[in-house]
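Quick caveat, the model's predicted, so the values are computed rather than measured. Each chain gets a letter, A, B and so on, in the order the sequences are listed, and its residues count up from 1.
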Amino acid sequence: MTPADLADAVLAAVRAAVDSGDLDVAVPGDVKVERPKNREHGDYATSLPLQLAKPARRPPREVAETIAKPLRETPGVASVDIAGPGFLNITLEPGAQGELARTVVAADEDYGRTSTMAGQRINLEFVSANPTGPVHIGAVRWAAVGDALARVLTASGAEVTREYYFNDAGSQIDRFGRSLMAAAQDKPTPEDGYAGAYIDDIAKQIVASRPDIFDRGDEAAQQQFRAAGVDLMFAEIRDSLADFGVTFDVYFNEKELHEKGELDAALERLRSHGHVFEEDGAVWLRTTTFGDDRDRVLVRTGGEPTYFLADCAYYLDKRERGFDRCIYLLGADHHGYVGRLRAVAACFGDDPDRTLEVLIGQLVNLVRDGEPVRMSKRAGDYVALVDMVDAIGADAARYALARYSSDSPIDLDLDLWTRHTNDNPVYYVQYAHARVASLLRNASELAIPLGDPDAFRPELLGHDREGDLLGALGEFPRVVATAAELREPHRVARYLEELAGTYHRFYDVCRVLPRGDEETTDLHRARLWLVEATRVVLRNGLALLGVSAPERM
RNA sequence: GCGCCCGUAGCUCAGCGGAUAGAGCAGCGGACUUCUAAUCCGCCGGUCGCAGGUUCGAUCCCUGCCGGGCGCGCCA
């Protein structure tokens, strides 16, 4: 019996109580059934009676009794106690609890998948770093978290498109092109230009592949530096992200918006909705109508469109591609965008609460030898994605970035995440998986197969540590669904750390394989099912974070 | 000044209104002839920033204050 099954049983009990006239209340849509910290409070507990007491106009403990009565009749439920002010403490039959191992093994890669978000078409835009330099650490947080988020959303039934908005138009690209040309000519970096070793590298590559680049004058040369530079930079960005395990379904070019006339189309659309006005020779969008703190310029006095107008066109483009929800993952230094983006959606006639979501990730600082590592794309002495992967490996980097709530700023100590010790949570989890894998290898060498599922005797898994492990395994689908719903993939990492600990503690006291010439008993086999189920969940969970599940360490 | 985020054990952080607030690290003390000790067990450690409010019940929701981070361009 899974927690979801039990939740259904509780709701069925409420319905039964209502049908029999014992209770007069609207049956809730879902119910929270949780594992109590204290084992004396049963295998599962719910505070539903406390919540129903007021609408039912009855004392909580009375409500609890009316629900408990039919719930006790549920197959697999051993006992239901009423505790405290009106909690229901539920104890399962040993077999019903152990049954979960079979469920998990049977579901295998699908264990953890739910349909809580079925039918939702989500556009998830993240990283979107400008192609004027390598991906820096701030964007890497979202590469790790965004990709994990995409995975938990998908696991919950949503249809997700990972998208990278590629700003290949605008003045920063001009500055990039000028910087490359200056580097190629050994001239100093232009004012507001980009500097750093990568500029020299790219400039050299371009000159090497086009020795005649300066033949048709500076203007033509700069065009080429710009175009070729963006291509090379973009290829580098895409490769470094791929090495990090992150690939996008759509790389969207800003240039395309300009070339297809989507900026004008968006402007007309906004005008038709009556939110556009002219002032001081510029064209503005009245975003303050929808809560932005100031109105925004769409077209400058000189007739040049702003980056903001491209943002409007891009949003419209996403909506016209059929996404019901556009999620933007931005760094804290861009949180000022939230108000205007929401206003954009509203100006197009959308309800921003429904169609748009902006998630803000606080800043990441890298620390090395106790000293903060400076990051600046301009100065060129920043730590890039590739540096971080070189320093601590893709697994540790992804895990380190994904295990914290995006709401809190983090200092990542490169030394710590390099260590192969217990301080390093990714090793703790991966080690648990390697230990499981090793045990299963030994089982197979001893020719002890899991055997026929019908021969599995779940009621033998009655040890406290087995119960703890089964309970933890049962939580997984709900953890994933919650991570998706709240857009908080770090919950998966924290869960895995707990599961790993629960497994280590089980392993410590519950011998799984027969020793020496011991007979293989049904208990050995039952525990093997439990271990196999643990393997499935650790592997599936790590996969959601994009972290490998090693067979050996 | 306005806006967003944060404030929980010595440190780094979990905890989407429930029972006695948790984990890792650090500190102290234990467990390896036994399936991977990259592990496990015990001890030590808290006015959940402060003050009000809502609630049967608040670390969680609301208001104000204090402290810290970030942001407030016809830049991108």
K.L.:
Contact list please: residues 480-490 of chain A against RNA chain B, heavy atoms, distance less than 4.0 Å, in numerical order.
P.N.:
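Listed by number, they are A:T482, A:L486, A:H490.
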K.L.:
Find the distance A:N38:CG to B:rA19:P and express it as a whole number of Å.
P.N.:
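Rounding to the nearest Å, CG of A:N38 and P of B:rA19 are 11 Å apart.
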K.L.:
Between A:D468 (CG) and B:rC40 (P), how many Å, whole number?
P.N.:
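Answer to the nearest Å: 14 Å.
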K.L.:
Are A:R505 and A:D508 ion-paired here, with the side-chain N under 4.0 Å from a carboxylate O?
P.N.:
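Not counted as a salt bridge, because no side-chain N and carboxylate O are separated by less than 4.0 Å.
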K.L.:
With RNA chain B as reference, determine whether A:R465 or A:E40 sits nearer its 5' end, using the nearest nucleotide of each.
P.N.:
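So the residue in question is A:E40.
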K.L.:
Find the distance A:N365:CG to B:rU12:C1' and express it as a whole number of Å.
P.N.:
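For the pair A:N365 CG and B:rU12 C1', the rounded distance is 14 Å.
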K.L.:
With the side chain of A:D407 defined as its heavy atoms from C-beta on, choose the nearest nucleotide among B:rC74, B:rC5, B:rG18.
P.N.:
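So the nucleotide nearest the side chain must be B:rC5.
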K.L.:
When you compare the side chain of A:S406 with that of A:L359, does any pair of heavy atoms fall below 4.5 Å?
P.N.:
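A:L359 vs A:S406: side chains apart.
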K.L.:
Report yes or no: is the cationic atom of A:R435 (NZ for Lys, CZ for Arg) under 6.0 Å from the centre of the six-membered ring of A:Y507, at an angle within 45° of the ring normal?
P.N.:
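Cation-pi check for A:R435 and A:Y507: passes.
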K.L.:
Rounding to the closest angstrom, what is the interatomic distance between B:rC44 and B:rG3 at atom P?
P.N.:
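Each nucleotide's P atom is 46 Å from the other's.
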K.L.:
Does the structure show A:Y428 stacking with B:rG24, if we require the centres to be closer than 5.5 Å and the planes to be within less than 30 degrees of parallel?
P.N.:
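According to the criterion (under 5.5 Å, under 30°), no, A:Y428 does not stack.
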K.L.:
Looking only at atom C1', what distance separates B:rC6 and B:rC48, rounded to whole Å?
P.N.:
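Nearest-Å result for B:rC6 against B:rC48 at atom C1': 14 Å.
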K.L.:
For the C1' atoms, the ones on B:rU47 and on B:rC40, what distance do you get once it is rounded to whole angstrom?
P.N.:
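Those two atoms are separated by 34 Å.
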K.L.:
Under 30°, 30 to 60°, or over 60°: which ring-plane class applies to A:F234 and A:Y251, parallel, tilted or perpendicular?
P.N.:
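Rings of A:F234 and A:Y251: perpendicular, as their planes differ by over 60°.
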K.L.:
Are A:F290 and A:H275 close enough that their ring centers fall under 6.0 Å?
P.N.:
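That pair passes the under 6.0 Å test.
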K.L.:
Between C1' on B:rC4 and CG on A:D292, what's the gap in Å once rounded to a whole number?
P.N.:
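Checked: the CG to C1' distance equals 13 Å.
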K.L.:
What is the distance from CZ of A:R342 to P of B:rG3, rounded to the nearest Å?
P.N.:
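Result: 16 Å.
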K.L.:
Pull out every residue in residues 301-312 of chain A that has a heavy atom closer than 4.0 Å to any atom of RNA chain B, ordered by number, or say none.
P.N.:
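Heavy-atom contacts with RNA chain B come from A:T301, A:Y307.
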K.L.:
Output all residues satisfying side-chain hydrogen bond (donor to acceptor under 3.5 Å, both in side chains) with A:T502, sequence neighbours left out; order by chain, then residue number.
P.N.:
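Once residues adjacent in sequence are excluded, A:T502 has no partner under the side-chain hydrogen bond (donor to acceptor under 3.5 Å, both in side chains) criterion.
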K.L.:
Can you run down the side chain to side chain donor-acceptor pair (under 3.5 Å) pairs that involve residues 287-298 of chain A, sequence neighbours left out, and say none if there aren't any?
P.N.:
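Passing the test, one end in residues 287-298 of chain A: A:T287-A:D292, A:T288-A:D295, A:D292-A:R296, A:D293-A:R296.
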K.L.:
Please, what dot-bracket string fits RNA chain B when only Watson-Crick and G-U pairs with both distances under 3.5 Å count, crossing ones use [ ] and pairs to another strand use |?
P.N.:
(((((((..((((....[...)))).(((((.......))))).....(((((..]....))))))))))))....
K.L.:
Does A:R403 put a side-chain nitrogen or oxygen below 4.0 Å from OP1 or OP2 of B:rU12?
P.N.:
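So the side-chain polar atoms of A:R403 never come under 4.0 Å of the phosphate oxygens OP1 or OP2 of B:rU12.
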K.L.:
Do other residues, nucleotides or ligands put more than 12 heavy atoms under 6.0 Å from A:E498 CD?
P.N.:
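At most 12 heavy atoms, drawn from other residues, nucleotides or ligands, come within 6.0 Å of this atom.
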K.L.:
Assign A:R61 to base, sugar-phosphate, or nothing according to its heavy-atom contacts below 4.0 angstrom with the strands shown.
P.N.:
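No contact.
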K.L.:
Would you please test A:Q172 and A:Y307 for side-chain hydrogen bond (donor to acceptor under 3.5 Å, both in side chains) and show each step?
P.N.:
CA-CA 11 Å; A:Q172 87 279 4; A:Y307 183 89; over 6 Å; no
K.L.:
Residues in salt bridge (Lys or Arg N to Asp or Glu O under 4.0 Å) with A:R226, at least two apart?
P.N.:
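A:R226 satisfies salt bridge (Lys or Arg N to Asp or Glu O under 4.0 Å) with A:D174 only.
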K.L.:
In this structure, how many angstroms lie between the P atom of B:rC16 and the CZ atom of A:R494, rounded?
P.N.:
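My rounded result for the distance is 13 Å.
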K.L.:
Students often mix this up, so state it plainly: with edges at 30° and 60°, are the rings of A:Y314 and A:F252 parallel, tilted or perpendicular?
P.N.:
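Ring orientation of A:Y314 relative to A:F252: tilted.
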K.L.:
List the residues meeting side-chain hydrogen bond (donor to acceptor under 3.5 Å, both in side chains) with A:R465, not counting sequence neighbours, and say none if there are none.
P.N.:
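side-chain hydrogen bond (donor to acceptor under 3.5 Å, both in side chains) list for A:R465, sorted by chain: empty.
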K.L.:
CD of A:E475 versus P of B:rG15: gap in Å, rounded?
P.N.:
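Rounded to whole Å, this separation is 15 Å.
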K.L.:
Between B:rA9 and B:rA14, how far is it from one P atom to the other, in whole Å?
P.N.:
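Their P atoms lie roughly 12 Å apart.
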K.L.:
Mind checking if A:H504 touches a base, just sugar-phosphate, or nothing, with heavy atoms under 4.0 Å?
P.N.:
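Answer is sugar-phosphate: A:H504 comes under 4.0 Å of backbone atoms only.
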K.L.:
Are A:E532 and A:R535 ion-paired here, with the side-chain N under 4.0 Å from a carboxylate O?
P.N.:
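A salt bridge is present here (some side-chain N lies under 4.0 Å from a carboxylate O).
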K.L.:
Side-chain contact, heavy-atom cut-off 4.5 Å: A:V509 with A:H463?
P.N.:
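Side-chain contact under 4.5 Å: yes.
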K.L.:
Hey, could you give me the CG/OG distance between A:L71 and A:S79, rounded to the nearest 0.5 Å?
P.N.:
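Reported value, rounded in 0.5 Å steps: 10.0 Å.
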K.L.:
Could you write out each protein N or O paired with an N or O of nucleotides 69-71 of chain B at a distance under 3.5 Å?
P.N.:
residue: B:rC70; atom: O2'; partner: A:A332; partner atom: O; Å: 3.2

K.L.:
Can you check the distance between B:rG17 and B:rC13, where both ends of the measurement are the P atom (answer in whole Å)?
P.N.:
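It comes out at 23 Å once rounded to the nearest Å.
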K.L.:
What contact category does A:A45 fall into here, base, sugar-phosphate, or nothing, at under 4.0 angstrom with non-hydrogen atoms?
P.N.:
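Base contact.
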K.L.:
Whole angstrom is fine here: how far is it from NZ in A:K32 over to P in B:rC16?
P.N.:
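Going from NZ in A:K32 over to P in B:rC16 covers 7 Å.
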K.L.:
Report the residues that fulfil side-chain hydrogen bond (donor to acceptor under 3.5 Å, both in side chains) with A:D468, sequence neighbours left out, ordered by chain and then residue number.
P.N.:
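Partners of A:D468 under the side-chain hydrogen bond (donor to acceptor under 3.5 Å, both in side chains) test: A:R39.
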K.L.:
Do any pairs count as a ring-ring contact (aromatic ring centres under 6.0 Å, His included) and have a residue in residues 399-419 of chain A, sequence neighbours left out, and if so which ones?
P.N.:
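Of all non-adjacent pairs touching residues 399-419 of chain A, none passes ring-ring contact (aromatic ring centres under 6.0 Å, His included).
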K.L.:
Would you tabulate the nitrogen or oxygen pairs shorter than 3.5 Å linking the protein to nucleotides 30-37 of chain B?
P.N.:
residue: B:rU34; atom: O2'; partner: A:R511; partner atom: NH1; Å: 2.9
residue: B:rU34; atom: O2; partner: A:R515; partner atom: NH1; Å: 2.7
residue: B:rC35; atom: O4'; partner: A:R511; partner atom: NH1; Å: 3.4
residue: B:rC35; atom: O4'; partner: A:R511; partner atom: NH2; Å: 3.2
residue: B:rC35; atom: O3'; partner: A:N442; partner atom: ND2; Å: 3.1
residue: B:rC35; atom: O2'; partner: A:N442; partner atom: ND2; Å: 2.5
residue: B:rC35; atom: O2; partner: A:L513; partner atom: N; Å: 3.0
residue: B:rC35; atom: N3; partner: A:V512; partner atom: N; Å: 3.1
residue: B:rC35; atom: N4; partner: A:Y507; partner atom: O; Å: 2.8
residue: B:rC35; atom: N4; partner: A:C510; partner atom: O; Å: 2.9
residue: B:rU36; atom: OP1; partner: A:S438; partner atom: OG; Å: 2.6
residue: B:rU36; atom: OP1; partner: A:N442; partner atom: ND2; Å: 3.0
residue: B:rU36; atom: OP2; partner: A:S438; partner atom: OG; Å: 3.2
residue: B:rU36; atom: O2'; partner: A:Y431; partner atom: OH; Å: 2.3
residue: B:rU36; atom: O2'; partner: A:R435; partner atom: NE; Å: 2.8
residue: B:rU36; atom: O4; partner: A:A434; partner atom: O; Å: 3.4
residue: B:rU36; atom: O4; partner: A:M553; partner atom: N; Å: 3.4
residue: B:rA37; atom: OP2; partner: A:R435; partner atom: NE; Å: 3.2
residue: B:rA37; atom: OP2; partner: A:R435; partner atom: NH2; Å: 2.1

K.L.:
Taking B:rA19 as the reference, what is the distance to B:rG45 when you measure between their C1' atoms (whole Å, please)?
P.N.:
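Looking at atom C1' only, B:rG45 and B:rA19 are 23 Å apart.
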K.L.:
Hey, could you give me the CG/SG distance between A:L270 and A:C347, rounded to the nearest 0.5 Å?
P.N.:
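That separation rounds to 6.0 Å.
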K.L.:
If you count heavy atoms of other groups shown closer than 6.0 angstrom to CD of A:E518, is the number above 12?
P.N.:
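Yes, because the 6.0 Å sphere around CD of A:E518 holds more than 12 heavy atoms from other groups.
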K.L.:
Under 6.0 Å between the ring centres of A:H504 and A:Y428?
P.N.:
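Yes, the ring of A:H504 comes within the 6.0 Å limit of the ring of A:Y428, centre to centre.
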K.L.:
Could you list, one pair per line, each protein nitrogen or oxygen that sits under 3.5 Å from a nitrogen or oxygen of nucleotides 55-58 of chain B, together with the distance?
P.N.:
residue: B:rC56; atom: OP1; partner: A:K54; partner atom: NZ; Å: 3.4

